[in-house]
Amino acid sequence: MKNRRKLSGVCGTWRTFFWFVVLFVFSFVLFSTMFVFKGKFRPVVRTTISFSTAKAVLRRESVTLSPSVSIREAVKLPEQTLVFLKYPPSLRLYTKDDLICVFSGGGDSSKLRKEYPTAVDSDKFNGQIVRCPETPRGYNVSLAVSRWTADDHIPAGPTHQWDWLVYDAVIDHDNSTVVFVKGLNLRPGRVADVSRYECVYGWDFARHNRLIRSDVISAAQEIIRCRTPLTVLDGPKSAHGPVKVSVRIKGGTGMLPSIAQLGRIINPPRRKPFEMCVCTMTRNAAAVLREWVMYHAGIGVQRWFIYDNNSDDDIIAEIRDLESRGYNISRHFWPWIKTQEAGFSNCAIRARSDCDWVAFIDVDEFYYIPSGQSLTSIIRNHTVFDTIGEIRTPCHSFGPSGLRNRPHGGVTEGYTCRVILPERHKSILRPEAMNDTLINVVHHFHLKDEFTFADVDKDVMVINHYKYQVWDVFKEKFYRRVATYVADWQNDENVGSRDRAPGLGTRPVEPPDWAERFCEVNDTGLRDQVWERFKDIKTHRLIWEREEDEDRLKKASLAHTRIAQQI
């Protein structure tokens, strides 16, 4: 009996195994047959599908399986369009040679235009700003990668007009939000009524139920200061990216479009590493930046903030070269036209945690101290009282000094003839002393009530402003003025203003006597000091001169002379 049960159990096990093997073999044959028949009866599908269709399918698959580059938004300016690219983490950034600006009109493929961008810059949130040529009226702008076809361009994003826009924002040292706005048209140097405005925070301004509103602390010129909500200060990071901020006009035209992603550009308060810094806003200054930085380093400047206003020369390479030589210099891309005051306010916030004092001058302005003292010594002598928050220095305006070509030794050596009377002053600021409104008129800031300013006598220190240089340089400089409240020289307004070239008018035509203008007194003080302190004994060249630059300028001068003789 026991043996029968044992035998029955063994047979049951083998029976189960047998049917498992049969099922496995049957399934294998069935699926193999289906595979063969599928290949036999559907070969045409794989041979007739077009390459473009397959490419489109692959593209759709890649979009769903991995994050891609997208256009966050674009801003139309008078001479160019800025396209803001958003990148997923760890993806390689495109270069200028990778991209093509694509202009399309109303879905009509016959109106498709393609042009190369003039430059590509990085933004402060690991994205990129592509500078495309001006967008034609009625067209939209998008981008294509150079290895793609025109139909494969990155889809266009929202496009904003420059004259009605919130374009930048930063959290200041006191955790308030400083918002930079174009289009409010507030009067220069005046404080506006804060009750008319409020700040709005969020990721998507179209979703009104997800927005956070806050009160405005101050409003002046092109700057709004708001109370930053705690939920914005302490909130968790979002997959949507940085929070954006805008300004709403109460009872008026509503909320302004915004591209301003909120971030911090300052460090927590600590011992400042630099006693003397300089801020400037400039365009196409590669040819003069080296002299300006090296000279001011020789008299005590330790840190330079360069706000680049749409340069298309070699200024980036020049800044990198100066950095490699040990100069603490940084470039900050500031593409916004007619915003010098706002840019200086932005720089004052940026420099506050690093610098005891910050000078706001242009790259054609040089501090001249006849006694040979350092700039920091002059500052210490004029700030024995803690209530001094600003030092004001008069300016002397220099003319072409009889030259018709760029001086090969630089402006400090070449231009030695100037106007007799000094012009308005420029300022050296203690950042803690500036008023919370950040009002400035380029030359000086409004200070807090507990601070005052000190004037420097022109015999102690003066700024040599090489304002009226040889015609080619002057024409480039004044083609588009950067100050908000100063008219462009070719516009027929405020013709008698001191900010314009006296007697020049509004047409960019060189006067016959340009080289001899603005020469009322011969002043070689800075030139003589430069020869004594900055000339290399062996080469007899100034430390900022390059041998190749000297040869090129000599050839250009010789060619100009030959042309003049032929005429």
Donor-acceptor contact present, side-chain D98 to main-chain T95, <3.5 Å: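 Here the side-chain-to-backbone pair exists.
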Side-chain heavy atoms of V293 within contact of I329, under 4.5 Å: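 With C-beta onward as the side chain, the pair touches.
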Salt-bridge contact R418-E520 (side-chain N to carboxylate O under 4.0 Å):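 Between E520 and R418 there is no salt bridge, as every charged N stays at least 4.0 Å from the carboxylate O atoms.
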Short N-O contact, R225 and D172, less than 4.0 angstrom: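 Salt bridge between R225 and D172, a charged N being under 4.0 Å from a carboxylate O: yes.
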N/O donor-acceptor pair under 3.5 Å between D313 side chain and A286 backbone: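 Checking the backbone N and O of A286 against the side chain of D313, a donor-acceptor pair under 3.5 Å is found.
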Distance-minimising heavy-atom pair for R517 and D513: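 Minimum heavy-atom contact is NE-OD1, 3.1 Å.
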From S377 atom OG to M276 atom CE, the distance as rounded to the nearest 0.5 Å: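 Separation between the atoms: 12.0 Å.
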Heavy-atom pair with the smallest gap, counting every atom of W357 and I388: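 That would be CH2-O, 3.7 Å.
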Sub-4.5 Å side-chain heavy-atom contact between H408 and E545: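 A side-chain contact exists here, since the closest heavy-atom pair is under 4.5 Å.
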Y295 and W544 aromatic ring geometry - parallel, tilted or perpendicular at 30°/60° bounds: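 It falls in the perpendicular class, over 60°.
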Geometric class of the Y466/Y415 ring pair [parallel <30°, tilted 30-60°, perpendicular >60°]: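 Tilted: the ring planes of Y415 and Y466 meet at 30° to 60°.
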Interatomic distance, D356 atom CG to C277 atom SG [nearest 0.5 angstrom]: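 Those atoms lie 8.0 Å apart.
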Ring geometry between Y367 and H296 (parallel below 30°, tilted from 30 to 60°, perpendicular above 60°):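 The arrangement is perpendicular - the two ring planes meet at more than 60°.
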Check: T539 side chain, R541 main-chain N or O, donor-acceptor pair, under 3.5 Å: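 Yes; judged by distance alone, with no hydrogens or angles, the pair exists.
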Salt-bridge criterion met for K448 and E390 (N-O under 4.0 Å):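 Looking at K448 and E390, the cut-off is not met.
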D121 bridged to R331 by N-O distance under 4.0 Å: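 Yes, charged N to carboxylate O under 4.0 Å.
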Any donor-acceptor pair under 3.5 Å from E532 side chain to Q529 backbone: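 It does not hold such a pair.
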Aromatic ring pairing W471/W514, orientation class (parallel under 30°, perpendicular over 60°, tilted between):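 The arrangement is perpendicular - the two ring planes meet at more than 60°.
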Sidechain N-carboxylate O distance under 4.0 Å for K124, D168: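 Yes, this pair counts.
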Minimum heavy-atom distance W292-I306, with the two atoms named: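 Looking at all heavy atoms of both residues, the closest pair is CZ3-CD1, 3.9 Å.
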Side chain proximity check, I428 to I361, heavy atoms < 4.5 angstrom: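 Answer no - side chains too far apart.
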Short N-O contact, R320 and E318, less than 4.0 angstrom: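 No salt bridge links R320 with E318.
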Reported CD-to-CZ distance for the pair E365 and F398, which is rounded to 0.5 angstrom: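 The CD atom of E365 sits 12.0 Å away from the CZ atom of F398.
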Separation of N464 CG from D364 CG (nearest 0.5 Å):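 D364 atom CG to N464 atom CG measures 11.0 Å (nearest 0.5 Å).
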Residue pair F333 / R131: nearest heavy atoms and the distance that separates them: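 Taking F333 first and R131 second, the nearest heavy atoms are CZ-CD, 3.5 Å.
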K182 side chain vs W336 backbone, donor-acceptor pair below 3.5 Å: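 Answer holds: no.
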S401 side chain vs G399 backbone, donor-acceptor pair below 3.5 Å: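 Checked: pair present.
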D314 atom CG, over 12 foreign heavy atoms within 6.0 Å: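 Incorrect, the count does not exceed 12.
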Side chain to side chain contact (heavy atoms under 4.5 Å, CB included) assessment of N346 paired with F180: CA-CA 9 Å; N346 186 281; F180 297 86; 3.6 Å; yes
Criterion side chain to side chain donor-acceptor pair (under 3.5 Å) on T524 and T416, from CA distance to verdict: CA-CA 5 Å; T524 62; T416 57; over 6 Å; no
Inter-residue atom distance D536.CG - I543.CD1, 0.5 Å rounding: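 So the CG of D536 and the CD1 of I543 are separated by 9.0 Å.
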Partner of W334 under side chain to side chain donor-acceptor pair (under 3.5 Å), chosen from T339, D308, T282, N309: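 Testing W334 for a side chain to side chain donor-acceptor pair (under 3.5 Å) against T339, D308, T282, N309 leaves exactly one candidate, T339.
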Plane angle bin for W304 and Y327 - parallel if under 30°, tilted between 30 and 60°, otherwise perpendicular: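 Perpendicular, since the angle between the ring planes exceeds 60°.
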Parallel, tilted or perpendicular, as decided by the 30° and 60° cut-offs, for the rings of F360 and F344: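 Ring orientation of F344 relative to F360: tilted.
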Nearest atoms (heavy-atom pairs only) where L375 meets M461: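 Taking L375 first and M461 second, the nearest heavy atoms are CD1-SD, 3.3 Å.
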Whether over 12 other heavy atoms sit under 6.0 Å from R190 CZ: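 Check fails, neighbour count at 12 or below.
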Side-chain donor-acceptor contact under 3.5 Å, S330 with R303: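 S330 vs R303: donor-acceptor pair found between side chains.
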The single option from R350, H332, R283 passing side chain to side chain donor-acceptor pair (under 3.5 Å) against Y307: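 When R350, H332, R283 are each tested with Y307, the side chain to side chain donor-acceptor pair (under 3.5 Å) holds only for R350.
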Expected output: side-chain Q128 to main-chain Y94 donor-acceptor under 3.5 Å: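 Pair found, side chain donor or acceptor close to backbone of Y94.
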Parallel, tilted or perpendicular, as decided by the 30° and 60° cut-offs, for the rings of F474 and Y468: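 Tilted, since the angle between the ring planes falls between 30° and 60°.
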From CA spacing to verdict: side chain to side chain donor-acceptor pair (under 3.5 Å), E275, T376: CA-CA 7 Å; E275 186 174 356; T376 49; 4.9 Å; no
Main-chain N/O of L438 paired with N435 side-chain donor or acceptor, under 3.5 Å: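 No, N435 side chain to L438 backbone: no donor-acceptor pair under 3.5 Å.
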Nearest-0.5 Å distance that lies between atom CZ in R424 and atom OG1 in T393: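 It comes to 15.0 Å.
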Side-chain donor/acceptor of N310 to backbone N/O of P335, under 3.5 Å: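 Checked: pair present.
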Residue pair T412 / E291, side-chain donor-acceptor N/O under 3.5 Å: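 There is such a pair (donor and acceptor under 3.5 Å, judged by atom type) between the side chains of T412 and E291.
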Evaluation steps, ring-ring contact (aromatic ring centres under 6.0 Å, His included), between H396 and H465: CA-CA 6 Å; H396 278 151; H465 184 186; over 10 Å; no
Basic-acidic side-chain contact under 4.0 Å: E423, K467: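 Answer for the salt bridge query: yes.
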Nearest non-hydrogen partners of P370 and D459, listed with the distance: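 Scanning both residues, the minimum pair turns out to be CG-O, 3.7 Å.
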Check: S345 side chain, E341 main-chain N or O, donor-acceptor pair, under 3.5 Å: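 Checking the backbone N and O of E341 against the side chain of S345, a donor-acceptor pair under 3.5 Å is found.
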